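Note sheet for the following structure.
Everything numeric in this text was worked out from a predicted model, so none of it was measured.
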Amino acid sequence: MTAVPAGGRRAVDGGRVGAGTGTYLSGVHDLWPMHYPEYSHGYPQVQERIVAVPDPSLVELFVGPERFDVRTGELHAHERTLDLRAGTLRREAEWTSPDGARVRVRSERLVPLERPGLFAVDHRVQAVDESLEVEVRSAVVCSPQLHRSRTEAAGRGGVVRQRTDGSALAVAVLVDHDVTGPAETEVRTRATADRVVTTAHVRLEPGRELGVVKIAALGWEPQETRQHLLPRLRTALEAGLRDGFEHLAAQQREVLDDFWQHADVRVDGDEALQQAVRFALSHVLQAAAQATDRGIPATGLTGTGYDGHTSWDTEVFVMPMLNHVWPQAAAETLRWRHAMLPAARERAAELGLAGATYPWRTITGRESSGYWPAGTAAVHLNADIADAAVRYVHATGDEDAARELVTDVVVETARSWVVLGREDGSGRFHVDGVTGPDENSALVDDNACTNLMAQANLRAAFEHYEGLTVRDSSLSASVQAVVAAEVGHLGLAADYAREAVVVDLHDLRGKTSDGLHTASLAGSWQALVAGFGGMRDADGRLVFAPRLPEGLDGLCFRTRHRGSCLEVNLSRDGAVQHARYTVVSGGPVDTSHHGERFTVEPGAPRTFEVPPAPSLPRPPAAARARPARTAPAGALTPSRRPRLRGTRRRGTRVRELRVTPRRGAVAADRGQE
């Protein structure tokens with residue numbers, strides 16, 4: 001068993017519980033029986049669902065008898081910052097308790113991307129102007145969704161063990177602490193029925209500080225190999241504690257520096273769009289890093305949305321981005337699909353088909369969707385996976401993957417079409433009774449997407465379908481941005497792109513409490529790169545047809561292709577736009593600009609003028625299907641300063657601020673006098 005990545009949703013430090021908080025491990029799931037009014041052959045009988053694991057994140061501070069809570073006492077300053085460059089969540093606050101004790105609190109936490117399964121937090125408290133009794137309580141809390149809990153205290157930490165019932169998985173969390181501060185600091189650990197709690201207690205003189213570094217190792221094993229679990233976690237925990245928080249944070253920064261070097265998309269002229277797309281890219285990174293050999297769930301490890309299932313969203317929305325900015329993560333996704341082939345072959349045989357049939361929704365490879373019309377009937381899934389496999393090879397030139405993985409996937413999925421389709425008297429091939437990507441239009445013959453609509457027909461028909469599209473999916477906006485940009489509706493494309501990148505930041509669909517929409521976040525990269533950048537990678541060649549919409553002064557992105565890295569920089573000089581192509585690393589790149597083929601040599605950038613876009617009237621759309629052109633109240637736009645909220649706490653005014661994207665952080669809650 002490889003190391004298992006962890007992820008979670010977190011409220012404010014200090015034990016305040018918010019909606020949907022929890023900790024999740026890649027692959028940890030349980031099974032639930034599925035019931036039908038009338039059962040038919042091929043219906044799945046059990047469903048896999050992600051479940052929360054023991055939570056190692058709880059750290060509470062007590063000042064005298066009072067628990068540190070921003071809802072009580074007097075809050076003098078407060079800032080929470082999600083730093084996309086550092087990969088950490090920081091919190092700084094200054095607070096006076098109800099009985100008049102004043103402290104400064106600083107905490108920083110991270111989930112190391114290079115060390116799957118570790119969790120680390122550095123929590124520090126300082127007395128400000130008088131001697132104070134302080135106590136930091138750090139806990140690992142059992143999951144209410146798991147069973148057979150066993151807790152054990154040991155030294156400055158301990159272990160929590162639980163298991164699932166239906167899937168028979170053993171889950172464990174080991175924790176330890178490094179405590180710094182006055183020599184008289186008292187550290188104790190105790191175990192109760194549902195948690196292990198370590199406390200650090202001391203009296204702090206003014207200006208003195210108590211520091212608690214908490215390192216936890218999380219993991220799971222099948223019951224039959226559970227004896228390997230604790231030794232493996234103990235080794236990871238000891239290494240993390242020995243290296244220390246600062247080393248883990250430096251290592252995290254190195255990983256993210258490498259990612260942003262290739263993945264960053266720079267937008268000039270729209271700060272809100274710039275900030276939102278970087279937020280999206282960072283969460284796609286986390287979802288892919290957390291997947292390793294277990295697929296990328298629709299909501300990553302940020303919540304229980306879609307029951308933690310992986311579906312075709314990964315191949316159609318996420319992998320195109322990963323192919324060009326983080327190909328090793330795309331390769332891991334491809335390996336996971338290849339490892340699912342035995343289960344896919346069994347599913348095909350169960351349905352009376354040849355070859356392999358991949359599941360609509362899954363965690364381990366078995367079908368977990370009981371809704372036949374939008375699940376099993378959506379046979380385009382096989383084609384999606386095969387297409388993603390081929391595109392990966394075209395983008396990377398990875399011949400080893402072609403031999404070891406892609407051939408099997410493509411051949412086995414292709415065999416299913418022989419049984420699914422039919423040939424009419426004129427020799428034309430039809431696929432009847434299927435469901436396309438529009439899951440609400442189920443069971444149709446010759447679905448347009450499944451049968452591939454010709455490009456000319458698509459151009460002649462975008463206005464027709466704009467008025468018909470219901471857009472009830474978070475995935476719609478990014479795809480429509482790309483298509484709108486391609487046919488020349490740049491203003492409409494810009495509106496769709498802005499909607500795509502803020503779907504979770506502004507909770508446009510009211511579902512962010514269930515987890516982030518990973519495919520939509522990756523789709524925002526496609527909206528900018530494939531939409532305004534006009535990038536296409538069919539048949540192993542990169543081609544570009546870029547155009548900037550009104551309101552954007554520039555766009556810059558990088559794409560990896562067959563061992564080289566190409567930077568595309570779009571700029572505006574009055575009414576004229578230019579595109580500059582530069583090889584950042586690797587060898588020459590053969591490409592084209594609006595149909596003109598050329599080669600970019602290292603050290604010799606090529607610049608082209610961008611032909612003007614056609615003048616087209618904005619197509620009509622149904623009222624409920626119009627893109628979200630205005631951001632919700634309080635969001636930062638280039639022309640508006642951060643809005644001060646009306647909340648006051650004893651003379652303190654609290655405001656929400658989106659910090660400048662150039663500094664790499666996403667959001668901060670600031671409180672100041």
Verify the distance criterion only: is there a donor paired with an acceptor across the side chains of [X] and [Y] at less than 3.5 Å?
X	Y	value
Thr96	His76	yes
His78	Arg91	yes
Ser138	His177	yes
Thr88	Asp83	no
Ser368	Gln47	no
Ser167	Thr164	yes
Gln227	Thr225	no

From Thr198, Asp176, Thr199, residue fulfilling side-chain hydrogen bond (donor to acceptor under 3.5 Å, both in side chains) relative to Thr189: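 Of all the options given, the one that passes is Thr198.
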Would you confirm whether [X], through its side chain, and [Y], through its main-chain N or O, come within 3.5 Å as a donor-acceptor pair?
X	Y	value
Asp129	Arg102	no
Arg226	Gln223	yes
Glu48	Thr364	yes
Gln145	Ala52	yes
Trp260	Leu84	yes
Gln274	Val265	yes
Ser520	His517	no
Gln126	Gly207	yes
Trp95	Thr72	yes
Gln162	Ala172	no

Is there a side-chain contact between [X] and [Y] in this structure, where contact means two heavy atoms from C-beta onward sitting under 4.5 Å apart?
X	Y	value
Thr310	Ile363	no
Phe119	Val121	yes
Thr23	Pro54	no
Asp313	Val318	no
Gln251	Asp243	no
Arg90	Ser107	no
His123	Leu61	yes
Asp165	Asp30	yes

Out of curiosity, [X] [atom1] to [Y] [atom2], how far, rounded to the nearest 0.5 Å?
X	Y	atom1	atom2	value
Arg163	Glu221	CZ	CD	14.0 Å
Asp504	Leu516	CG	CG	4.5 Å
Leu281	Trp326	CG	CH2	12.5 Å
Ser369	Met34	OG	CE	6.5 Å
His283	Leu285	NE2	CG	10.0 Å

Compare every heavy atom of [Y] with every heavy atom of [X], then report the nearest pair and how far apart it is.
X	Y	result
Leu31	Gly166	CD1-O, 3.6 Å
Ala216	Val173	CB-CG1, 4.3 Å
Arg195	Val141	NH2-CG1, 3.7 Å
Phe279	Leu82	CE1-CD2, 4.3 Å
Thr151	Cys142	CG2-SG, 4.0 Å
Gly240	Leu118	CA-CD1, 4.2 Å

Take a 6.0 Å sphere around [atom1] of [X] and say whether it holds more than 12 heavy atoms from other residues, nucleotides or ligands.
X	atom1	result
Arg188	CZ	no
Gln328	CD	yes
Phe245	CZ	yes

Decide whether a cation-pi geometry holds between Arg361 and Tyr306; the criteria are a distance under 6.0 Å from NZ or CZ to the six-membered ring centre and an angle within 45° of the ring axis.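 Checked: cation-pi criterion not met.
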Test Gln252 against Leu113 for side-chain contact (heavy atoms from CB on, under 4.5 Å), laying out the working first. CA-CA 7 Å; Gln252 184 90 322; Leu113 298 173; 3.6 Å; yes
Electrostatic pair [X]-[Y], nearest N-O below 4.0 angstrom:
X	Y	value
Asp122	Arg124	yes
Glu60	Arg137	no
Lys511	Asp507	no
Glu133	Arg203	yes

Go through Thr192 and Asp194 one step at a time and tell me if the side-chain hydrogen bond (donor to acceptor under 3.5 Å, both in side chains) criterion holds. CA-CA 6 Å; Thr192 65; Asp194 71 335; 3.3 Å; yes
Could you check Glu205 against Arg208 for salt bridge (Lys or Arg N to Asp or Glu O under 4.0 Å), going step by step and ending with a plain yes or no? CA-CA 5 Å; Glu205 298 301 321; Arg208 296 296 301 276; over 6 Å; no
Chi angles and distances behind the side-chain contact (heavy atoms from CB on, under 4.5 Å) call for Thr81, Glu79: CA-CA 6 Å; Thr81 305; Glu79 176 176 313; 3.1 Å; yes
Assess the residue pair His201 and Thr185 against the criterion (side-chain contact (heavy atoms from CB on, under 4.5 Å)); give the C-alpha distance rounded to whole Å, side-chain angles, the decisive distance to 0.1 Å, and a yes or no. CA-CA 6 Å; His201 180 272; Thr185 301; over 6 Å; no
Yes or no on salt bridge (Lys or Arg N to Asp or Glu O under 4.0 Å) for Glu152 and Arg150, after CA distance, side-chain angles and deciding distance? CA-CA 7 Å; Glu152 178 183 345; Arg150 296 180 61 185; 6.0 Å; no
Just one of Ile215, Leu233, Val196, Leu218 clears the side chain to side chain contact (heavy atoms under 4.5 Å, CB included) bar with Leu174, so which one?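 Only one of Ile215, Leu233, Val196, Leu218 forms a side chain to side chain contact (heavy atoms under 4.5 Å, CB included) with Leu174, namely Leu233.
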With salt bridge (Lys or Arg N to Asp or Glu O under 4.0 Å) as the test, would you mind laying out the steps for Glu209 and Arg104 before giving the verdict? CA-CA 9 Å; Glu209 181 180 81; Arg104 294 191 184 97; over 6 Å; no
Hey, mind stepping through Val28 and Val51 against side-chain contact (heavy atoms from CB on, under 4.5 Å) and telling me if it holds? CA-CA 6 Å; Val28 174; Val51 288; 3.8 Å; yes
